[in-house]
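For reference, positions follow the sequence shown, starting with 1. Order of appearance sets the numbers: ligands from 1, and atoms from 1 within every ligand.
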Amino acid sequence: MSGYNPYDNVLATLERAANILGYEPSDYEILKHPERSLKVAVPVRMDDGSVKVFDGYRVQHSTVRGPAKGGLRYHPDVNLMEVSALAAWMTFKCAVVGIPYGGGKGALAVDPSKLSKNELKNLTRSFTTMIAPIIGPETDIPAPDLGTNAEVMGWIVDTYSMLKGYPNPGVVTGKPIELGGSLGRGEATGRGITITAKNALKALGREIKGATVAVQGMGNVGSVSAKLIHAEGAKVVAVSDISTGIYNAGGLNIPEILTFVAGGKNLLKDYKGDVEFIDNAQLLTLDVDLLVPAAMENMINGDNARDIRAKLIVEGANGPTTVEADAILEGKGIPVIPDILANAGGVVVSYFEWVQNNQKFYWDEETVNQRLEALMNEAFQSVWGIAQEKKVTVRTGAYLIAVKKIVETLRMKGSI
Ligand code: GLU
């Protein structure tokens with residue numbers, strides 16, 4: 001899939017929704033262009049005394065509906081186009097679930113597993129200092145994404161607060177609880193995926209209990225999804241990480257597997273349970289009731305979409321399905337619940353975290369989970385409803401809602 005550019009995915013999906021909504025090109029031209037992109041060269045002194053410089057990015061795709069919001073990714077292959085696509089998806093994600101944010105994303109082109117804790121902390125501090133002019137609780141609020149976690153967010157809070165001269169917990173979400181993080185944030189994305197999977201299966205006349213499931217990816221999103229979907233009584237038959245996939249037709253022992261891989265201490269290839277080893281390509285084409293791609297972009301593409309046998313796809317990762325694959329899956333009648341709806345639980349609880357930081361009043365975990373569930377249910381019903389009504393895919397339904405909200409806001413502001 002060389003030459004694949006995820007931003008083309010964004011433009012094609014936006015275009016389709018805008019056409020159905022009957023918009024003129026001038027109504028949504030603004031949304032085709034990220035508002036602000038910052039590229040920085042981030043130096044860090046390594047433990048051996050040498051200095052290395054890593055490419056860093058922060059892209060604010062839109063602040064039409066509120067401050068830019070979205071994660072920070074640490075991954076060796078990131079580039080500006082990918083970060084721009086991820087930022088745009090955040091704009092549409094926040095709009096579809098109705099939280100008052102625009103969209104942003106940042107990234108560092110680094111493999112965090114190759115750095116010591118000290119190097120990673122110093123690199124994060126340098127990066128924060130270099131993007132500090134454009135981030136802030138009222139302007140652009142980063143959060144964890146692939147390769148980052150609550151600990152990294154803690155370093156950012158500290159660095160940003162030092163620069164400002166007073167505590168600034170609201171500059172990022174997904175922080176440790178002690179620094180103003182929200183209960184429930186760590187599991188929020190997987191919880192939202194589980195709620196959405198239940199809703200989608202129900203809409204298709206099925207129950208999650210007893211459904212067979214394959215989950216691609218064992219990061220935060222994949223592992224929590226597998227855990228909670230398993231806890232709902234589904235039969236998770238396959239999971240995978242970067243090293244391998246594992247399969248058992250009778251259902252995997254998910255709690256044991258999650259303990260084995262917890263905190264990245266082990267890879268699935270070294271797991272010794274009663275499993276068959278399969279590769280990622282095999283996992284994606286298993287005959288299951290539900291497939292959750294929770295790894296990276298571009299995993300379901302023109303090369304493998306025809307072989308997909310899952311009856312339902314709920315996207316855990318951002319952008320796992322290309323436009324070409326979407327068309328093939330539509331032709332095969334396989335519903336795809338899109339990323340901007342399915343994995344929105346993370347940013348929804350990020351919003352709750354930010355609200356708690358602003359109020360300086362903290363909620364219990366039950367309140368967080370209840371509010372998340374209510375919001376995810378409502379978003380699902382409106383997206384599913386419009387997709388049925390307009391006879392379009394669920395992805396197009398989600399974009400119809402999101403694009404309309406943003407374009408109407410632009411109109412009310414007199415920007416178009
Ligand atoms: N990185 C997550 C996402 O892609 C969460 C973003 C956030 O909480 O701001 O949705």
Side-chain angles (χ1 to χ4, degrees), residues 6 9-10 57-63 65-75 78 82-108 131 135-150 152-153 156-157 169-176 180-193 196 217 219-222 224-225 293-297 314-320 337-357 368 372 375-376 379 398 402:
N9 251 10
V10 173
Y57 308 90
R58 184 72 193 173
V59 174
Q60 298 168 354
H61 172 259
S62 171
T63 55
R65 299 185 70 256
K69 183 83 192 84
L72 283 180
R73 173 171 293 200
Y74 287 3
H75 189 279
V78 290
E82 184 187 6
V83 182
S84 304
L86 290 160
W89 285 323
M90 288 309 301
T91 302
F92 300 115
K93 190 183 299 188
C94 294
V96 80
V97 294
I99 56 176
Y101 290 135
K105 203 80 163 200
L108 257 183
I131 62 171
I135 63 168
E138 302 304 333
T139 52
D140 180 1
I141 306 131
D145 197 79
L146 206 80
T148 59
N149 55 22
V152 175
M153 296 305 115
I156 299 175
V157 170
V171 65
V172 294
T173 57
K175 311 174 274 291
S182 177
L183 294 168
R185 176 62 185 86
E187 291 206 332
T189 310
R191 187 172 296 280
I193 286 163
T196 304
N220 170 274
V221 180
V224 178
S225 301
M296 277 192 77
E297 298 98 80
V314 174
E315 293 184 335
N318 291 312
I337 312 299
D339 46 7
I340 62 165
L341 171 65
N343 73 24
V347 74
V348 166
V349 177
S350 275
Y351 167 57
F352 295 162
E353 179 173 329
W354 182 75
V355 167
Q356 293 171 78
N357 294 150
V368 171
L372 169 65
L375 204 149
M376 293 302 294

Checklist entry - Closest non-hydrogen protein atom to atom 9 (O) of ligand 1, residue and atom name please, with distance? => result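 Looking at atom 9 (O) of ligand 1, the protein heavy atom closest to it is Lys69 NZ, 2.8 Å.
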Next on the checklist: Could you identify the single nearest non-hydrogen protein atom to atom 8 (O) of ligand 1 and state the distance to 0.1 Å?
Outcome noted: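 Minimum-distance protein heavy atom for atom 8 (O) of ligand 1 reads Ser350 OG, 2.6 Å.
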Next on the checklist: With nothing but distance in play, are any N or O atoms of Asn343 less than 3.5 Å from an N or O of ligand 1?
Outcome noted: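 No.
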Checklist entry - So is there a nitrogen or oxygen of Ala143 less than 3.5 Å from a nitrogen or oxygen in ligand 1? => result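 In this structure, Ala143 places no N or O atom under 3.5 Å from an N or O of ligand 1.
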May I ask whether [X] has any heavy atom positioned less than 4.0 angstrom from an atom of ligand 1?
{"X": "Gly174", "value": "no"}
{"X": "Pro142", "value": "no"}
{"X": "Glu353", "value": "no"}
{"X": "Arg73", "value": "no"}

Checklist entry - What is the distance from atom CE of Met153 to atom OG1 of Thr173, rounded to the nearest 0.5 Å? => result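 Result: 8.0 Å between the selected atoms.
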Checklist entry - In Å and rounded to the nearest 0.5 Å, what is the CG to CD distance from Leu146 to Glu297? => result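 With rounding to 0.5 Å, CG (Leu146) is 8.0 Å from CD (Glu297).
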Checklist entry - Do you know which two heavy atoms are closest between Val171 and Val157, and how far apart they sit? => result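 Closest pair (atom of Val171, atom of Val157, distance): CG1-CA, 4.1 Å.
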Item to check | Atom of Ala398, atom of Val96 and distance for their closest heavy-atom approach | outcome: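 Answer, listing the atom of Ala398 first, then Val96: O-CG2, 3.5 Å.
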Checklist entry - Any idea which part of Val349 is under 4.0 Å from ligand 1, heavy-atom wise: side chain, backbone, both or neither? => result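 Neither part.
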Next on the checklist: Does this structure show an ion pair linking Lys93 with Asp339, if we count only N-O contacts that are shorter than 4.0 Å?
Outcome noted: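 No, Lys93 and Asp339 are not salt-bridged.
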Item to check | Residue pair Tyr74 / Asn149, side-chain heavy-atom distance below 4.5 Å | outcome: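 They are not in contact (no side-chain heavy atoms under 4.5 Å apart), so the answer is no.
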